[in-house]
Amino acid sequence: MKMNKLYIPFLLFFFVWGCSSDEGAGLKFSEKGRNVPEFSGDSAYSFVQKQVDFGPRVPNSEAHQQAMNWFEEKLEGYAGSNAVFTQKFAAEGYDEQLELGNVIAAFNTTSPDRIMLSAHWDSRPRADMDSTRTDEGIVGADDGGSGVAVLLELARMFEENPPPLGVDIVLFDGEDYGKSGSLNKYFLGSRYWANNPPVPGYSPRFGILLDMVGAENAQFPKELFSLRYAPNLVEEVWNIAREEGYDDLFLNEQGAAVSDDHVIVNEQAGIPIINIINHQRGPQGQAQFAPYWHTHNDDMTIISKETLQAVGDVMAELIYNRL
């Protein structure tokens with residue numbers, strides 16, 4: 001692994017809290033009566049727009065490098081330069097070697113009690129579910145962009161209102177590179193992160209993955225792997241959503257089993273993690289995604305400030321008042 005100037009100080013403070021996890025099935029939550037800072041759906045929307053403006057964030061492209069630089073800049077502004085680290089690595093693509101990077105930021109670095117929030121930041125290099133321009137990359141406003149945008153807005157909140165426990169944001173690269181029909185070239189960033197942990201023994205209390213959390217009329221049933229990995233966390237998040245009046249988005253029903261970065265994080269790194277993802281459970285139990293999925297229609301026209309606001313409000317309530 002390549003080291004940069006941030007790597008050594010990043011490791012030094014991470015060693016302080018490298019082992020602090022509870023078992024996923026034993027996670028407990030209670031309302032603490034704390035004030036919860038306001039999440040801005042408008043700000044999150046602007047963060048989606050910025051990513052889309054770079055163009056398709058396809059590995060090895062100029063837009064990909066520009067986006068990575070911007071994530072580093074934004075997170076350093078919120079967390080401080082010594083609390084942000086880009087885990088750069090190479091992976092074999094189909095016809096080329098890919099230069100990739102997971103961008104990681106830590107907040108409240110002195111707390112031994114920590115959680116992990118994640119999303120993927122790359123966009124798909126092919127529109128294989130479209131009818132035209134199928135070999136061109138998509139801008140991924142929702143599939144990639146929305147989850148990152150919510151996390152960036154949370155990071156802005158963390159700077160102004162430090163969270164009551166340690167929070168680590170991990171933006172995975174290379175999640176959506178693979179071709180349909182095989183998972184071998186998907187989840188490249190989370191695979192590398194799990195097999196090459198920047199912090200040996202890293203063991204947060206739990207993780208949450210956000211994927212496709214910004215579309216109008218989104219629906220988030222309880223994803224099946226999440227119910228297996230951390231059922232108490234799923235119930236707490238969906239209970240918060242109901243209390244906040246968002247039960248029309250966070251459906252009180254079992255969803256499908258969705259192969260995503262959370263599967264890698266749980267099964268290879270042993271971290272109980274759930275996935276909040278817009279999907280439906282098909283007649284045979286398979287995952288069905290929105291019509292814009294993996295097409296060029298995954299652009300700003302399908303992004304909803306209200307959906308971003310709902311997801312952000314639920315996350316803020318969980319972090320500031322239930323942990």
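In this structure, CZ on Phe158 lies 10.0 Å from CG on Asn108, to the nearest 0.5 angstrom. One distance of note links CE of Met68 with CG of Asn102; it measures 8.5 Å at 0.5 Å rounding. Separation of atoms CD (Glu153) and CE (Met315) is listed at 12.5 Å; rounding is to 0.5 Å. Considering CG of Leu249 and CZ of Arg242, their distance stands at 15.0 Å, rounded to 0.5 Å. From Asn266, atom CG reaches atom CD1 of Ile271 across 8.5 Å, with rounding to the nearest 0.5 Å. Note that NE2 of His120 and CG of Asp176 are 5.0 Å apart. Values are rounded to the nearest 0.5 Å.
In this structure, Ser46 contributes its side chain and Ser43 its backbone to a donor-acceptor pair below 3.5 Å. Judged by distance alone, with hydrogens and angles left aside, the side-chain atoms of Asn321 form a donor-acceptor pair with the main-chain N or O of Gly33 at under 3.5 Å. Judged by distance alone, with hydrogens and angles left aside, the side-chain atoms of Asp298 form a donor-acceptor pair with the main-chain N or O of Asp143 at under 3.5 Å. One N or O on the side chain of Tyr177 and one on the backbone of Tyr94 form a donor-acceptor pair closer than 3.5 Å. Looking only at distances, no side-chain donor or acceptor of Arg114 sits under 3.5 Å from a matching main-chain atom of Ala106. Put simply, the side chain of Ser123 gets close to the backbone of Arg57: a donor and an acceptor are under 3.5 Å apart. Remark: the backbone N or O of Gly178 is paired with a side-chain donor or acceptor of Arg126 at under 3.5 angstrom. Remark: the backbone N or O of Glu92 is paired with a side-chain donor or acceptor of Lys185 at under 3.5 angstrom. Of the possible donor and acceptor atoms, one in the side chain of Gln87 sits under 3.5 Å from a partner among the backbone N and O of Asn196. With hydrogens and angles ignored, the 3.5 Å screen pairs no side-chain donor or acceptor of Asp122 with any backbone N or O of Val58.
Counting only heavy atoms from C-beta outward, the side chains of Leu323 and Phe29 approach each other to under 4.5 Å. Between Asp247 and Leu251, every side-chain heavy-atom pair lies at or beyond the 4.5 Å cut-off.
Other members of the hydrophobic cluster containing Ile264, listed by chain and number, are Leu183, Tyr186, Phe187; membership follows side-chain contacts under 4.5 Å among ILVMFWY residues, whether direct or relayed.
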Discussion item. Does Glu243 form a salt bridge (Lys or Arg N to Asp or Glu O under 4.0 Å) with Arg322? I'd like the steps, not just the answer.
Written reply: CA-CA 13 Å; Glu243 294 167 8; Arg322 305 298 177 101; 2.5 Å; yes
Worksheet item: Could you walk me through whether Thr134 and Asp128 pass the side-chain hydrogen bond (donor to acceptor under 3.5 Å, both in side chains) check?
Response: CA-CA 5 Å; Thr134 57; Asp128 46 335; over 6 Å; no
Practice prompt. Take Gln97 and Glu99, measure what side-chain hydrogen bond (donor to acceptor under 3.5 Å, both in side chains) needs, and give me the verdict at the end.
Written response: CA-CA 7 Å; Gln97 179 171 276; Glu99 298 298 328; 3.0 Å; yes
Item to complete: Please assess Glu73 against Asn69 for the test side-chain hydrogen bond (donor to acceptor under 3.5 Å, both in side chains), listing each intermediate value before the final yes or no.
Response: CA-CA 6 Å; Glu73 177 184 349; Asn69 294 342; over 6 Å; no
Worksheet entry | CA sep, side-chain torsions, deciding dist, call: Asp142, Tyr292, side-chain hydrogen bond (donor to acceptor under 3.5 Å, both in side chains) | CA-CA 9 Å; Asp142 193 34; Tyr292 61 82; 2.4 Å; yes
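The minimum heavy-atom distance between Val263 and Val258, with the atom names listed, is CG2-O, 3.9 Å. When all heavy atoms of Ala105 and Val84 are compared, the pair lying nearest together is CB-CG2, 4.0 Å. Heavy-atom minimum distance, Arg133 versus Glu136: NE-OE1, 3.0 Å. Across Ala194 and Gln268, no two heavy atoms sit closer than the pair CB-CB, 3.8 Å. Nearest heavy atom pair, residue Ala67 against residue Trp121, reads CB-CZ3, 3.9 Å. Across all their heavy atoms, Ile138 and Thr295 have their closest contact at CG2-O, 3.5 Å.
Tested against Glu223, the residues Arg281, His279, His262 include a single side-chain hydrogen bond (donor to acceptor under 3.5 Å, both in side chains) partner, His262. Under the side-chain contact (heavy atoms from CB on, under 4.5 Å) test applied with Ser146, the options Val213, Val311, Asn278, Ile302 reduce to a single match, Val213. For the salt bridge (charged side-chain N to carboxylate O under 4.0 Å, His left out) with Lys222, the qualifying choice from Glu235, Glu236, Glu253 is Glu235, the only one to do so.
Lys305 pairs by the side-chain contact (heavy atoms from CB on, under 4.5 Å) definition with Asp42, Tyr45, not counting sequence neighbours.
Under a cut-off of 6.0 angstrom, the local environment of CE in Met300 is crowded, with over 12 non-hydrogen atoms contributed by other residues, nucleotides or ligands. The local environment of CD in Glu62 is sparse, with at most 12 non-hydrogen atoms from other residues, nucleotides or ligands closer than 6.0 Å. Counting heavy-atom neighbours within 6.0 Å of Asn252 CG, excluding the residue itself, gives a total of 12 or less.
No continuous path of ILVMFWY side-chain contacts below 4.5 Å connects Phe289 to Leu210, so the two sit in separate hydrophobic clusters. Both Val148 and Leu75 are part of a single hydrophobic cluster, where members link through side-chain heavy atoms under 4.5 Å apart. When hydrophobic clusters are built by joining Ile, Leu, Val, Met, Phe, Trp and Tyr residues whose side-chain heavy atoms come closer than 4.5 Å, directly or via intermediates, Val48 is grouped together with Trp70.
The aromatic rings of Tyr229 and Phe225 lie parallel to each other, with less than 30° between the two planes, well short of the 60° mark.
Judged by the 6.0 Å distance and 45° axis criteria, Arg156 is not positioned over the aromatic ring of Phe47.
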